[in-house]
Each structure stands twice: as structure tokens, then as C-alpha cells.
Chemist: 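Handing you a structure now.
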Amino acid sequence: MATTSDTTPDDREFEPTTSVCPFCGVGCTLTYEPKTGKSTGEAGPVNTKGEICPKGAAAFEMVDNDDRLTSPLVREDGDLVPASWDEAFDRIEAEFGTVLDEHGPEALGFFSSSSCTNEENYLLQKIARVLGTNSVDNCARLCHSSTVAALSDRFGAGAMTNTLDDLTEADVFLATGANPAEQHPVIFRSYLLPAIRDGTTFIHIDPRENATTDAADIHLPVKPGHDIPLLNALAKVVIDEGLVDEEFVEERVDNFEVFEEFLADVDVAENAELAGVDPDDLREAAMAFGEADRAAAFSGMGMSQHQSGTDNVHALINLVVLTGNVGKRGTGVNPLRGQNNVQGAGDVGALPDILPGYQSVTDPEARERVADVWGVEPPVDPGLTEVEVTHGMGEDIHAAYVFAENPAVSEPNLSKVRERLDAIDFLVVQDIFLSETAEHADVVLPGSAWAEKAGTFTNTDRQVQRVRPMTDELPGEARNDLDILAEFGSRVADYEFDDDPETVFDEMTEVNPLYAGMNYADTDEGSVRWPYPEGADSGQEVLHAETFANGERTTDLHLVDHVAPADEVGEDQLVLTTGRVLQHFNSGAVTRQSGTLMKLRNENALQMHPQNAEERGIEDGDTVVVENDRGRTQVKVEVTPAIRPDTVFMTFHCADPLVNDLTGDHLDPVAGIPEYKHTSVHVSVVSNEKDV
Ligand SMILES: Nc1nc2c(c(=O)[nH]1)N[C@H]1C(S)=C(S)[C@@H](COP(=O)(O)OP(=O)(O)OC[C@H]3O[C@@H](n4cnc5c(=O)[nH]c(N)nc54)[C@H](O)[C@@H]3O)O[C@H]1N2
Ligand SMILES: Nc1nc2c(c(=O)[nH]1)N[C@H]1C(S)=C(S)[C@@H](COP(=O)(O)OP(=O)(O)OC[C@H]3O[C@@H](n4cnc5c(=O)[nH]c(N)nc54)[C@H](O)[C@@H]3O)O[C@H]1N2
Ligand code: SF4
Ligand SMILES: [Mo]
């Protein structure tokens, strides 16, 4: 990567101020340790003893890194070459101007970022809306959009119903489609594990045995894509065994009889067979959940990333509501949120149908409240999701701005995505590294990493925390993300956008009712939790206690039937499900830069059951071809009984092997989340060395 300045990242000095980890939604507090030149944990609102996981410990390696982007790049004769900021912005201004003149604002798409601050996300969604489009989205789309849709529909708030602190009071934990031991390590070790050791029964629902399963009392190895029959059977056992919380149902549920009738035909043993689990284990899990005084459910990508993602979560909510496990400590439906600020990116309105504070764009009063502050009314029509924007590139979408996301690795069905990224007239990428997506861009803007910026992040249990810079100096010509966004907005729209985090925060609290009354100074000490009603002393901990967040006293039980996954499984095919490991993060853009993490684990292996391996003549460590109609990739095999015999698993943390060349882009009809967790594939051993 070309550098236009003498300041390489290594020359800089950092201050040991505290900030928040750039990786997962747990939100651990970190600081810089001058002696080692690395990040280290510091006691904070979530990691109260300063505990961190290996990624937190390596978080500085993405800041202080020789591969950082140090200059704007523009495409000349097919190549990306260094340019000045003025040249880069002039080009952006001209190209966005042309697209706006020729095609209007609907021809624009904006990718906002769940790894960036509330202020940056707020500003980018405002820029999109001031320009006249609601087509702004963030990785929450790929992550918990289905969970948020189901929770908002049923309870009126798309977030954890409870807090990490009160959850430790549960008698039973049920975690489904989530592997918190690897993906939310500090929640697992500091909150869940101590309670489990103290007697809380732990039910884990996952097609694989993983580090989380090691702590489980009951493991239900569900077939990928078959959570609804399993959850309906759990609800059926609860009803049959008289474990319904009748008082709660009487007071807070509208349609119990209809639901009971709907489940009347459910045969528990048949559903268990369809879901691929042992009926006795399923009954034991249902009894434990139903008999508990307080039971708490946790939900992750195994539930949300399906064509039936929203329905999956509805089925889980049914079980929780039926047993009266909502509105009190140690209960609830608790999505473990993904990136450090995915909760915040949604809260502040970086979503195509939602204004700040989950107000619908179609609600005229909400638009008016926003217009009062902005002086510009947001457009009325919901915009496109990020997968829809990608699919529209080169057709209806003529220019796009990708801020801190890497869709060229993280979106599904990548051969189509690559085609679209090349077909679009004009693509801007604002990143800290030359990501796979940046390689397709017309202009690349070098931004700032977590330890170089100020603002706030909102963690998985709704705590707004302060992000503080540890240096004023950026590598080379790189600039602060919020500055870059403000200059971009001010150049392309007839509007002056502010680049001061506190000013942006203050404006955000005026527009976002959930954050109303918060003040930037308060986030400097500990954290501030939403909802934070104006005039309150502190944010609300357990939601939905007397009424649901939508103001209603009651909710419905939803009647959800099994939805067959989009990919049919041919006779000699296996189901590929995908996910994560402890040592790496998402597309790998920020973890493959870390020598320490790569040393811990640098291989992306395909987990396969011994039975499948034997049938195909595959041995542990062999290289195999994994393929389907969409693509083909080669990967090493780890033969292990930890995975179901009809399923294989690999991560999406690498650009090679690139698993999303295989995944399909079938979307959940409500939330638009892709079906990353169920893909049909052929797996065969590479017989000829030359093929490798
Ligand atoms: N180390 C690490 N931590 C991370 C991340 C990371 O990349 N690395 N990413 C962050 C982000 S963005 C997110 S969204 C979270 C995600 O955190 P998780 O939701 O825990 O992540 P996944 O590994 O994608 O999926 C969880 C589990 O779902 C299981 N599963 C697969 N298919 C099914 C199914 O059909 N049903 C059920 N019930 N389970 C199934 C998988 O075997 C896997 O163990 O993690 C965050 N934390
Ligand atoms: N097969 C499969 N695919 C999946 C999933 C799965 O489970 N299976 N999970 C999906 C989920 S849940 C998610 S959240 C997505 C994640 O998908 P992405 O968000 O696309 O993945 P990341 O690797 O987190 O990409 C973040 C990008 O932002 C850059 N960046 C990081 N911090 C900063 C910053 O502060 N400033 C700037 N300017 N740039 C920054 C990084 O260099 C990187 O290029 O992947 C989805 N894709
Ligand atoms: S648990 Fe999450 S927030 Fe905490 S140190 Fe690890 S990656 Fe960072
Ligand atoms: Mo995510």
C-alpha cells in the first residue's frame, strides 16, 4: 500500500485512556498498556473485573498496523492510485452529482457500520435521508434483523428484554443458535458460567457440540433449519404437562386458546424426529424450562440467519411467553448482539424502514418530529436493505457508499455480489484496510480505527458507553471517520453536517426518543442504559414488566409452522452451516492483520462427522472440494463427532476459502436476512495433488 506521508502507524504514541473493545457486542472496557504496546482489559460497566478475551487483547494490532490505509485512493486506468483528499472528494462530488441529476436519490445506496460509533451511524443515515433516500442499512441486516423484527412485533422493542446482571438470577438458561463461549466470551465466563456452576440448568440447542455445549446439562443437536418443530414441541410439552403460567397468560396474552388448538395436532415424537433430536431429551428440556421459577432464553445466528428467521424467533417467544418468563429479573428473550455497536447502529436509525429510535419512516408524525430538528423531512418510502442494494448495483443502484463493511466477503452468493460490485457506476469505500470490497471501489477513503475516535457505542444490554481516542495522530493522511462523513455529506447535499461527536450526540438525543434525556457527559462515567425516559434518573433495566414497550398490556402467541429451508438436500449432499470461532472476527479484515490471533489459529477447517468422512474416503487433514451450483471452494477437513452426521460446518472468516461463494441469497420475507445457516453442498476429497 502506497504511503504519501512519513507518519507510519508505528511512529505514534498512544495514551492509556480507556475505551470500548472494537469486536463483539459485549462491550468490554479496554485501555492501552504502554509497557507492552498492546491493549489490556480495564474494569468497566460490563467487564467489572477488567476481564477480556483473546480478541480484546489483540485489539491494538488493527490500530498500530503497517497495512493501514494511509492515503485516499482513486481508480485511474483500472488501478487504485494514491490521491489527495481534494481529488478524492472532487471525484465523489461530481459522480454523486451526476447520479442524482440523472437518476435521483433512489439510485443511491448507503452501507452504514455496526462497528462504528452511534454518532457516525447517525450522521450517515441523516446524510442518506437529507439526500432523499431511506436506502441506508448496516450489518444488523445480516445478523439479528429477524430477531429485531419478531421482538418489535411482539413486545415493541428489538433488544435484550433483560440485562446481563439480572439474568444471573435465572434457574434455567436456554441458548439456541448461539455459541457464547466463543462469540461472547466475557458474557459466558463472567455471567453465565458462574450461575451454571451455582446450579442454573443449561440447555443448549445447536447442531454442533462446541465450547458452549461443554457447560450444558441438556444438548439438543437440532438439524440446521429445523428450530420451529423443536420449539413447537417444547411448547406442546409445556401445555400437556400443565406447566403454563396461567396467571401470566390470563393477564398478558390474548389468544391462548387459539394457540392451544394450533398445537393440538403436534406429535412431540414426530417433531423431535423432524428436528433430528432425541424425544426424551426434548421432553427433559421442556420440563426444565416449564418448571423453572425463572427461565431466560438467549438467541443467536443459528436462529436468525434463516429464511424462517423471524418465525424461528416467534416460536422462541411463544415458549417464553407461555411460561410467563418476561418482564421480570432472570427471564426474557435475549439476543446476543454481534458487533460492538450493532445495537446502536439500529437504535440511531441506520435502517431503511426505521428513523432514529425505531420510529417507522412511514409514520408522518415521526417524520415531522425529525424534520423539526433537521429542517428537512426524511423520505416517506422505506428504502432498500443492504443485500437489495448490492443486488441492484448496475441496474437501479448507480452509486453506493460503503462505510466500514466488507460485503465482498460477508454477503451470500458472492459470485453474484462481485459481478454487481463491478457493474455499479460509482463505488466509494471508507475503511481502515484495503478490504476485498475496497478492491472494487472507484474511491477509497482512509478512516480511523476505534482507538483513534471519540463518540459512543451501545452494547448488547443497551448500555451506551463512551469511546475515547488514545491518540490525535492518524496514520499518514488518514482522517477521522466522523470528519470524512461530514465532509462527504456537506459536499454532496445542500446541507452543513456537523463533525463534532458531542454536538452530533446531542442532536441524536433530540431525534431518538429512546435516548432522550441522555447527556454526553453522563456517558463519560460508566454507562447509560436505554430506554432513558426524559426526567429519569437512570435507564430501565428489565423491559415489559407492567406493559410491553409498545404500551400494550397484552401480546399474542404466534402460530408458526415449519418452513422448509430454501436449498433442497440431494441424496449425496450434506447441509453446510456456517459460523464463527473464538480467535477470528467476521470477514477477517481486522483479525487477519493480527499476528497474535493468527498464531492462535490460522486455519479454517471444514468440520465433518466420521461417518460422512468414511463414506467419502476422507481422512482428518485431507483437502476437499465443497461445491454446489453457486460455487466451489477447497478446504481442509477436521473429522469430528462433535457435528451431526448430516451436517458440515465452516467459518466465513477468510477470503480463501471463501464460504459465501456457496451460500444462497434466499431472504427471510419479513426481515430480509439471508439463509447463511443452511446450504446444500457436495463434498469430495481432492484426489490429485495438482488440484490443491
Ligand atoms: N470470536 C468471534 N466473536 C464474535 C464474532 C466473530 O466473528 N468472532 N462476530 C460477532 C457477530 S457480528 C455476531 S452476529 C455474533 C454471532 O454469535 P453467534 O450467534 O454465537 O454465532 P455463529 O457462530 O454464527 O452461530 C452460532 C451457532 O449457531 C449454530 N447453528 C447453525 N445452524 C443452526 C440452526 O439451524 N439452528 C440452531 N439452533 N443453531 C444453529 C452454529 O453451529 C453455531 O455454533 O458474534 C459476535 N462475536
Ligand atoms: N456465511 C456467513 N456469512 C456471514 C455470517 C455468517 O454467520 N455466515 N454472519 C453475518 C453477520 S452476523 C455479520 S455482522 C456480517 C459481518 O460482515 P462485515 O461487517 O462486512 O464484516 P467485518 O469483517 O466486520 O467488516 C468490517 C469492515 O470495516 C472495517 N473497519 C473496522 N473498523 C473500522 C473503523 O472503525 N472505521 C472504518 N472506516 N473501517 C473499519 C474493516 O477493515 C472491515 O473491512 O457477516 C455476515 N456474513
Ligand atoms: S468479549 Fe467481546 S467485547 Fe469483550 S474483549 Fe472479547 S471481543 Fe471484546
Ligand atoms: Mo453479526
Side-chain angles (χ1 to χ4, degrees), residues 20-30 39 41 44 46-47 51-59 62-63 67-69 111 113-117 120 138-145 180 183-190 300-302 304-305 336-342 386 402-412 414 429-438 445-453 457 459-460 467 478-481 484-485 576-580 582 584-593 650-653 658-663 673-677 679:
V20 181
C21 179
F23 293 108
C24 86
V26 177
C28 297
T29 301
L30 298 181
S39 51
V46 184
N47 55 336
E51 53 285 42
I52 46 169
C53 78
K55 289 188 306 306
M62 75 165 89
V63 182
D67 290 335
R68 285 281 299 272
L69 285 170
F111 294 65
S113 175
S114 27
S115 50
C116 289
T117 65
E120 289 154 1
N138 77 89
C139 258
R141 180 69 44 208
L142 311 178
C143 195
H144 268 300
S145 57
Q183 269 80 256
H184 300 89
V186 169
I187 290 184
F188 187 75
R189 297 206 153 266
S190 300
M301 299 300 97
S304 62
Q305 292 176 330
L336 296 168
R337 300 304 304 256
Q339 283 162 295
N340 56 345
N341 197 37
V342 61
E386 54 180 46
V402 179
F403 171 45
E405 288 204 347
N406 193 9
V409 175
S410 57
E411 284 199 6
L414 285 179
V429 172
Q430 176 174 337
D431 207 293
I432 53 176
F433 293 111
L434 189 68
S435 67
E436 288 73 15
T437 308
L445 303 176
S448 51
W450 65 282
E452 296 158 350
K453 54 173 82 170
F457 290 149
N459 87 332
T460 191
V467 176
R479 275 175 57 182
N480 205 283
D481 278 329
I484 300 173
L485 293 173
L576 166 70
T577 194
T578 62
R580 297 159 163 80
L582 172 67
H584 292 293
F585 198 70
N586 291 352
S587 76
V590 292
T591 39
R592 77 178 83 112
Q593 317 286 349
M650 80 187 257
T651 79
F652 70 109
H653 297 314
L658 189 53
V659 80
N660 281 326
D661 270 345
L662 300 163
T663 50
I673 196 168
E675 188 148 70
Y676 288 120
K677 294 287 195 260
T679 303

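Note that ligands are numbered from 1 as they come in the structure, with each ligand's atoms numbered from 1 the same way.
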Chemist: Under 3.5 Å, is there a donor-acceptor pair between the side chain of Glu120 and the main chain of Leu485?
Modeler: no
Chemist: For ligand 3, which atoms sit closer than 4.0 Å to a heavy atom of Gly27?
Modeler: 3 (S)
Chemist: Looking at every heavy atom in both Phe433 and Leu69, which two are closest together, and how far apart are they?
Modeler: O-CD1, 3.4 Å
Chemist: Near Asn406, which atoms of ligand 2 are under 4.0 Å from a heavy atom of that residue?
Modeler: 18 (P), 20 (O), 25 (O), 44 (O)
Chemist: Can a donor-acceptor pair be found, under 3.5 Å and without considering hydrogens, that links the side chain of Asn459 to the backbone of Val26?
Modeler: yes
Chemist: Which residue owns the protein heavy atom closest to atom 8 (Fe) of ligand 3, what's the atom, and how far is it?
Modeler: Cys21 SG, 2.3 Å
Chemist: Would you confirm whether Thr460, through its side chain, and Gly25, through its main-chain N or O, come within 3.5 Å as a donor-acceptor pair?
Modeler: no
Chemist: Closest non-hydrogen protein atom to atom 2 (Fe) of ligand 3, residue and atom name please, with distance?
Modeler: Cys24 SG, 2.3 Å
Chemist: Would you check whether His184 reaches within less than 4.0 Å of ligand 3, judged by its heavy atoms?
Modeler: no
Chemist: Could you tell me if the side chain of Val429 sits less than 4.5 Å from the side chain of Phe403, heavy atoms only?
Modeler: no
Chemist: Nearest protein heavy-atom contact for atom 21 (O) of ligand 2: which residue, which atom, what distance?
Modeler: Asn586 CB, 3.7 Å
Chemist: Numbering the atoms of ligand 2 from 1, which are under 4.0 Å from a heavy atom of Lys453?
Modeler: 34 (C), 35 (O), 36 (N)
Chemist: What's the shortest distance from atom 5 (S) of ligand 3 to any protein heavy atom, and which residue and atom give it?
Modeler: Cys53 N, 3.5 Å
Chemist: Counting each atom of ligand 2 from 1 as listed, which ones have a heavy atom of Phe433 under 4.0 Å away?
Modeler: 42 (O)
Chemist: Going by the order shown, which atoms of ligand 2 are within less than 4.0 Å of some heavy atom of Gln430?
Modeler: 38 (N)
Chemist: Which heavy atom of the protein is the closest neighbour of atom 13 (C) of ligand 2, given with residue, atom name and distance?
Modeler: Arg580 NH2, 3.8 Å
Chemist: Please determine, by modelled atom types, if Glu452 and Asn480 share a side-chain donor-acceptor pair under 3.5 angstrom.
Modeler: no
Chemist: Given Ile432, Thr577, Asp431, identify the one with the heavy atom nearest to atom 41 (C) of ligand 2.
Modeler: Asp431
Chemist: Output yes when a side-chain donor or acceptor of Tyr676 lies under 3.5 Å from a complementary backbone atom of Cys143, and no otherwise.
Modeler: no
Chemist: Counting only heavy atoms, tell me which of Gly300, Ser304, Ser448 gets closest to atom 34 (C) of ligand 2.
Modeler: Ser448
Chemist: Looking at Ile52, which atoms of ligand 3 are within less than 4.0 Å of one of its heavy atoms?
Modeler: 5 (S)
Chemist: What part of Glu411, side chain, backbone, both or neither, has a heavy atom within less than 4.0 angstrom of ligand 2?
Modeler: neither
Chemist: Go through ligand 3 atom by atom and flag the ones less than 4.0 Å from a non-hydrogen atom of Val186.
Modeler: 1 (S), 4 (Fe)
Chemist: Return a yes/no value for Asp481: is any of its N or O atoms, backbone included, closer than 3.5 angstrom to an N or O of ligand 2?
Modeler: yes
Chemist: Please report the shortest heavy-atom distance between Pro22 and Met62, naming the atom on each side.
Modeler: CG-CE, 3.5 Å
Chemist: Shortest non-hydrogen contact from Leu582 to Pro185?
Modeler: CD1-CG, 3.7 Å
Chemist: Quick one, Glu675 with Gln305, criterion side chain to side chain contact (heavy atoms under 4.5 Å, CB included). Give me CA distance, side-chain angles, the key distance, then yes/no.
Modeler: CA-CA 5 Å; Glu675 188 148 70; Gln305 292 176 330; over 6 Å; no
Chemist: Please compare Cys28, Ser190, Pro185, Gly44 and report which has the shortest non-hydrogen distance to atom 4 (Fe) of ligand 3.
Modeler: Cys28
Chemist: My understanding is that only one of Val590, Asn340, Asn586 makes a side chain to side chain contact (heavy atoms under 4.5 Å, CB included) with Phe23; could you say which?
Modeler: Val590
Chemist: Would you mind finding which of Ser410, Pro446, Gly447, Ala589 brings a heavy atom closest to atom 46 (C) of ligand 2?
Modeler: Ser410
Chemist: How does Val342 reach ligand 2, by side chain, by backbone, by both or by neither, if only non-hydrogen atoms under 4.0 Å count?
Modeler: neither
Chemist: Distance under 4.0 Å to a non-hydrogen atom of Lys677: what atoms of ligand 2 satisfy this?
Modeler: 7 (O)
Chemist: Search all heavy atoms of Gly300 against all heavy atoms of His144 and return the closest pair with its distance.
Modeler: CA-CE1, 3.9 Å
Chemist: Got a donor-acceptor contact below 3.5 angstrom from the Asn406 side chain to the Thr437 backbone?
Modeler: yes
Chemist: Do Ser114 and Asn341 pair up side chain to side chain, a donor and an acceptor below 3.5 Å, judged on atom types alone?
Modeler: no
Chemist: Step by step, would you call Gln339 with Cys24 a side chain to side chain contact (heavy atoms under 4.5 Å, CB included)?
Modeler: CA-CA 4 Å; Gln339 283 162 295; Cys24 86; over 6 Å; no
Chemist: Closer than 4.0 Å to some heavy atom of Lys55 - which atoms of ligand 3 meet that?
Modeler: 7 (S)
Chemist: Hey, which atoms in ligand 3 end up nearer than 4.0 Å to a heavy atom of Phe23?
Modeler: 7 (S)
Chemist: Can you name the atoms of ligand 3, numbered from 1 with element, that are less than 4.0 Å from a heavy atom of Gly56?
Modeler: 5 (S)
Chemist: State whether a side-chain donor-acceptor pair under 3.5 Å links Gln430 with Asp481.
Modeler: yes
Chemist: Does Asn660 approach ligand 2 within less than 4.0 angstrom via side chain, backbone, both or neither, non-hydrogen atoms only?
Modeler: side chain
Chemist: Would you tell me whether Ser113 and Glu405 have side-chain atoms, one donor and one acceptor, within less than 3.5 Å of each other?
Modeler: no
Chemist: If you have a sec, work out which protein heavy atom is nearest atom 23 (O) of ligand 2 and how many Å separate them, to one decimal?
Modeler: Ser587 OG, 2.5 Å
Chemist: Among protein heavy atoms, which sits nearest to atom 14 (S) of ligand 2, and what does the distance come to when rounded to 0.1 Å?
Modeler: Gln339 OE1, 3.4 Å
Chemist: How close do Val659 and Met650 get, heavy atom to heavy atom, and via which atoms?
Modeler: CG2-CG, 3.4 Å
Chemist: Backbone, side chain, both or neither: what part of Ser435 comes under 4.0 angstrom of ligand 2, heavy atoms only?
Modeler: side chain
Chemist: Show the atoms of ligand 2 that are less than 4.0 angstrom away from any heavy atom in Met301.
Modeler: 12 (S)
Chemist: Taking the minimum heavy-atom distance to atom 9 (N) of ligand 2, which of Met650, Glu120, Gln305 ranks first?
Modeler: Gln305
Chemist: Give a yes or no answer on whether the side chain of Asn660 reaches the backbone of Leu414 with a donor-acceptor pair at less than 3.5 Å.
Modeler: no
Chemist: Between Pro412 and ligand 2, which part of the residue brings a heavy atom under 4.0 Å of the ligand: side chain, backbone, both or neither?
Modeler: neither
Chemist: Starting from atom 8 (N) of ligand 2, what is the nearest protein heavy atom, named by residue and atom, and what distance separates them?
Modeler: Thr578 OG1, 2.9 Å
Chemist: Tell me which protein heavy atom sits closest to atom 19 (O) of ligand 2, plus the residue, atom name and distance to 0.1 Å.
Modeler: Cys139 SG, 3.0 Å
Chemist: Quick check on contacts: which atoms of ligand 2 are under 4.0 angstrom from a heavy atom of Cys116?
Modeler: 34 (C), 35 (O), 36 (N)
Chemist: Which heavy-atom pair separates Ile673 from Ser145 by the least distance, and what is that distance?
Modeler: CB-OG, 3.5 Å
Chemist: Answer yes or no: does an N/O atom from Ala404 fall short of 3.5 Å to an N/O atom of ligand 2?
Modeler: yes
